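Report on the structure given below.
Treat the numbers as computed from the prediction; the structure is a model and nothing was measured. Residue indices begin at 1 and follow the sequence shown. Note: hydrogens, waters and symmetry copies are ignored here, and every other heavy atom, side chains too, is used.
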Amino acid sequence: MITYTIAMPMPHSHLFHVQIEIERNETGEIRLSLPAWTPGSYMIREFARHVQEFQAVDAQGVRLPWRKIRKDCWQIEAGAASRVIVTYKVYAFDLTVRTSHLDGSHGYFNGANVFMYVHGRTQEPLTLHVDPPTGWRVTTGLSALPPDPARPQRASFQATDYDELIDCPVECGTHRLLTFTVDDVPHTIAIWGHGNENEERLLADTKRIVEVQRAMFGSLPYRDYTFIVHLTDGKGGGLEHRNSATNMVDRWTFGEHYERYLSLTSHELFHAWNVKRLRPAPLGPFDYQNENYTRLLWLMEGATSYYDDLLLVRAGLMSEERYLQKLAEKIVQLQSQPGRRLQSLEQSSFDAWIKLYRPDENSINSSISYYLKGALVCWMFDMAIRAQTNNERSFDDVMRYLYQRYPITGPGIPEDGAVLAAIEAIGGTDNGLRSLYERYVVGVEELDYAAALAVVGLEPRWQYRRPRPDGQPPAWLGVNWKKQGERTIVATVRSDGPAYEAGVYADDELVALDGWRVNEERLQQRLLERHPGDVVRLTLFRGDALIDVPVTLAVAPYDMLSLVNVAAPTAAQLHARSAWLQRMI
């Protein structure tokens with residue numbers, strides 16, 4: 001038996017105190033490792049760097065010799081000891097959904113950050129004891145054990161194995177608890193922090209999101225569910241787990257930006273089906289020390305990004321007009337990335353470990369997000385299936401098919417061919433779906449937005465955000481800027497723009513245009529007075545050197561899109577749109 005105990009006797013130290021009791025019936029060495037990454041966030045993060053004061057003793061308290069054999073692995077010479085007690089501390093002062101944070105207001109931890117695993121024993125049931133400061137409560141998705149009368153402040157839990165232990169984040173503190181049920185399944189919202197939230201509205205809308213997602217899949221896949229909500233000063237993000245999620249939003253989100261909370265909540269909850277149960281074969285059982293590669297993150301995150309807002313429409317929590325506006329914004333965002341011509345969805349998925357979470361000034365030119373393009377491609381499959389089946393089937397059916405075909409108890413979705421087979425099982429063969437897959441998932445062909453929109457009686461109307469007064473196409477540099485105090489700095493240079501060809505670099509500081517001082521706003525105003533084909537002289541600081549770079553301006557690509565009704569939509573188009581955006585239950 002293995003028992004974990006985590007305590008926080010001095011919250012202001014930001015140190016979690018961890019103890020692992022290992023009962024054993026064998027002799028010899030014990031190896032323990034701390035994961036290098038956490039599931040759902042595909043980057044090696046080296047959590048072992050925060051471990052300190054490691055030691056091991058036997059049942060009599062005699063110290064056992066140990067040594068590190070790699071950066072994240074500790075080897076203990078345990079001999080014949082029948083019980084080994086390991087203790088260490090973990091520094092936790094990184095407030096994100098994927099890390100751990102301890103201060104005077106709360107203690108939050110992800111198991112991958114703080115709990116080492118015993119090599120060869122990750123499949124055993126585990127016990128977790130949490131010893132918070134007096135007056136703090138403990139909230140997690142783990143199954144609670146009966147309280148210990150001798151330790152009334154302690155909270156104890158059971159995990160079926162190590163995977164479940166680290167897949168259930170824990171919130172400790174004086175957070176508020178809101179509760180509701182759907183299908184008699186209890187749901188808890190644990191809120192740390194305060195802002196402009198309306199608890200009654202938040203509770204009702206979160207429940208509505210659960211109801212609509214349950215309606216799509218037919219049932220809830222968990223025994224209970226915990227939403228851990230962190231209200232912060234500007235930070236944001238979410239991370240999914242089997243029966244919980246941690247969502248971090250700005251504390252003032254609940255006014256005009258309330259949809260951010262709704263979209264994030266919808267996204268992470270959808271993962272309870274898609275990713276945590278329906279998963280690619282390489283994502284389980286996990287190798288916690290190394291990268292776990294898959295080419296299917298475009299489906300895991302892309303489909304989830306497609307449905308997060310779509311299900312808000314079906315829940316009556318987002319208008320159709322706003323949804324179409326957000327869809328148009330996604331299209332514009334993808335079209336502004338030259339990397340869409342170089343990196344496919346499969347490549348983007350595979351390279352998540354070195355690309356998505358480590359962007360640099362050239363990322364816009366060399367890569368795309370499997371969240372963004374994945375959502376758009378799932379939408380295109382949805383439209384194509386609706387068109388091919390007279391709206392009798394949709395991508396909803398593909399997700400349900402996959403969910404039933406590859407249950408959590410199975411090996412997961414095979415990497416090669418299984419998703420295309422599911423799409424064709426729902427939408428039929430010999431009707432272009434295979435071609436779409438090859439062009440949009442495997443390849444890098446431009447997406448045909450007009451064809452997809454036509455299925456539901458819409459058409460794209462491209463425009464310029466800042467048009468020229470005479471109605472002619474504006475001139476374009478192909479540069480994105482950022483502010484550093486009073487300075488205007490080149491953030492990125494698009495590889496399809498004239499500044500790239502002329503030799504403008506990221507991190508150059510803008511000084512003047514044709515000898516006249518400008519900042520970003522003045523530059524954009526001056527460019528409206530120029531025409532494509534004009535040559536302008538950019539004066540820049542490159543490091544400490546003042547340089548002039550002549551640039552031949554190009555025709556600006558469209559940077560604004562509206563999705564509008566076709567002139568005379570057919571009954572089939574109107575029916576398809578109604579079914580696509582229908583309010584459920």
Side-chain angles (χ1 to χ4, degrees), residues 233-236 250 252-253 255-257 259-260 322 325-326 328-340 359-365 369 372 460-562:
D233 297 316
K235 291 186 176 181
D250 185 276
W252 309 116
T253 292
E256 62 177 313
H257 301 299
E259 72 175 28
R260 294 178 184 173
R322 176 57 180 150
Q325 180 184 10
K326 294 190 73 174
E329 290 169 355
K330 288 180 178 180
I331 294 172
V332 171
Q333 185 180 355
L334 180 63
Q335 293 306 114
S336 70
Q337 299 174 354
R340 73 187 187 278
D360 58 32
E361 65 278 359
N362 193 50
S363 295
I364 192 175
N365 296 321
S369 164
L372 174 62
R461 181 171 296 168
W462 288 95
Q463 299 167 291
Y464 290 112
R465 193 172 300 277
R466 299 184 66 167
R468 281 178 53 88
D470 60 7
Q472 295 300 308
W476 183 56
L477 275 173
V479 172
N480 296 319
W481 307 94
K482 60 184 177 182
K483 295 292 292 183
Q484 288 186 358
E486 296 299 316
R487 304 164 68 211
T488 300
I489 307 296
V490 175
T492 58
V493 185
R494 285 181 50 165
S495 60
D496 57 354
Y500 185 91
E501 293 293 332
V504 176
Y505 298 173
D507 294 330
D508 285 349
E509 178 186 354
L510 176 64
V511 178
L513 176 71
D514 291 335
W516 294 92
R517 183 169 57 189
V518 292
N519 55 21
E520 180 182 0
E521 178 63 24
R522 288 178 177 174
L523 175 66
Q524 298 306 324
Q525 292 172 353
R526 299 287 76 79
L527 288 179
L528 288 176
E529 301 166 359
R530 305 297 198 275
H531 295 84
D534 289 350
V535 178
V536 298
R537 176 167 53 92
L538 284 181
T539 302
L540 308 163
F541 267 119
R542 182 166 297 163
D544 291 332
L546 187 65
I547 63 172
D548 286 329
V549 178
V551 182
T552 302
L553 300 175
V555 174
Y558 289 112
D559 58 1
M560 187 174 176
L561 174 65
S562 299

Query raised in the report: Are there more than 12 heavy atoms of other residues, nucleotides or ligands under 6.0 Å from atom CZ of Arg466?
Result: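 More than 12 within 6.0 Å, yes.
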
Query raised in the report: So does Arg522 have more than 12 non-hydrogen atoms from other groups sitting under 6.0 Å from CZ?
Result: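 Check fails, neighbour count at 12 or below.
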
So, does [X] use its side chain to make a donor-acceptor pair with the main chain of [Y] at under 3.5 Å?
X: Arg468; Y: Arg530; answer: yes
X: Arg494; Y: Ile364; answer: no
X: Asp559; Y: Arg465; answer: yes

Could you state the interatomic distance from [atom1] ([X]) to [atom2] ([Y]), rounded to the nearest 0.5 Å?
X: Asn519; Y: Leu513; atom1: CG; atom2: CG; value: 11.5 Å
X: Asp360; Y: Asn365; atom1: CG; atom2: CG; value: 9.5 Å
X: Asp250; Y: Arg260; atom1: CG; atom2: CZ; value: 8.0 Å
X: Gln472; Y: Tyr464; atom1: CD; atom2: OH; value: 10.0 Å
X: Trp252; Y: Asp233; atom1: CH2; atom2: CG; value: 9.0 Å
X: Thr539; Y: Trp516; atom1: OG1; atom2: CH2; value: 12.5 Å

Requested in this report: Check step by step if side-chain contact (heavy atoms from CB on, under 4.5 Å) holds for Leu510 and Leu540.
Outcome: CA-CA 5 Å; Leu510 176 64; Leu540 308 163; 4.2 Å; yes

Query raised in the report: Can you list the steps and then say if Lys482 with Asp507 is a side-chain contact (heavy atoms from CB on, under 4.5 Å)?
Result: CA-CA 9 Å; Lys482 60 184 177 182; Asp507 294 330; 3.8 Å; yes

What heavy-atom pair brings [X] and [Y] nearest, and what distance separates the two atoms?
X: Pro498; Y: Thr552; result: CB-O, 3.0 Å
X: Val549; Y: Ala502; result: CG1-O, 3.6 Å
X: Arg340; Y: Leu334; result: CD-O, 3.5 Å
X: Val551; Y: Val504; result: CG2-CG2, 4.4 Å
X: Leu372; Y: Gln337; result: CD2-NE2, 4.0 Å
X: Pro460; Y: Leu561; result: CB-CD1, 3.7 Å

Quick one: does [X]'s side chain get under 4.5 Å of [Y]'s, heavy atoms only?
X: Val332; Y: Tyr558; value: no
X: Arg526; Y: Asp514; value: no
X: Tyr505; Y: Val490; value: no
X: Pro532; Y: Trp476; value: no
X: Ile489; Y: Lys483; value: no

Query raised in the report: Could you walk me through whether Gln484 and Glu509 pass the side-chain contact (heavy atoms from CB on, under 4.5 Å) check?
Result: CA-CA 10 Å; Gln484 288 186 358; Glu509 178 186 354; over 6 Å; no

Report task. Before giving the answer on side-chain contact (heavy atoms from CB on, under 4.5 Å), spell out for Leu538 and Leu477 the whole-Å C-alpha distance, their side-chain angles and the decisive distance to 0.1 Å. Result -> CA-CA 10 Å; Leu538 284 181; Leu477 275 173; 4.1 Å; yes

Query raised in the report: Quick one: do Lys326 and Glu329 make a salt bridge, cutoff under 4.0 Å?
Result: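 Salt bridge between Lys326 and Glu329, a charged N being under 4.0 Å from a carboxylate O: no.
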
Query raised in the report: Any side-chain donor paired with an acceptor under 3.5 Å for Asn480 and Thr492?
Result: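 The answer is yes; a qualifying pair exists.
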
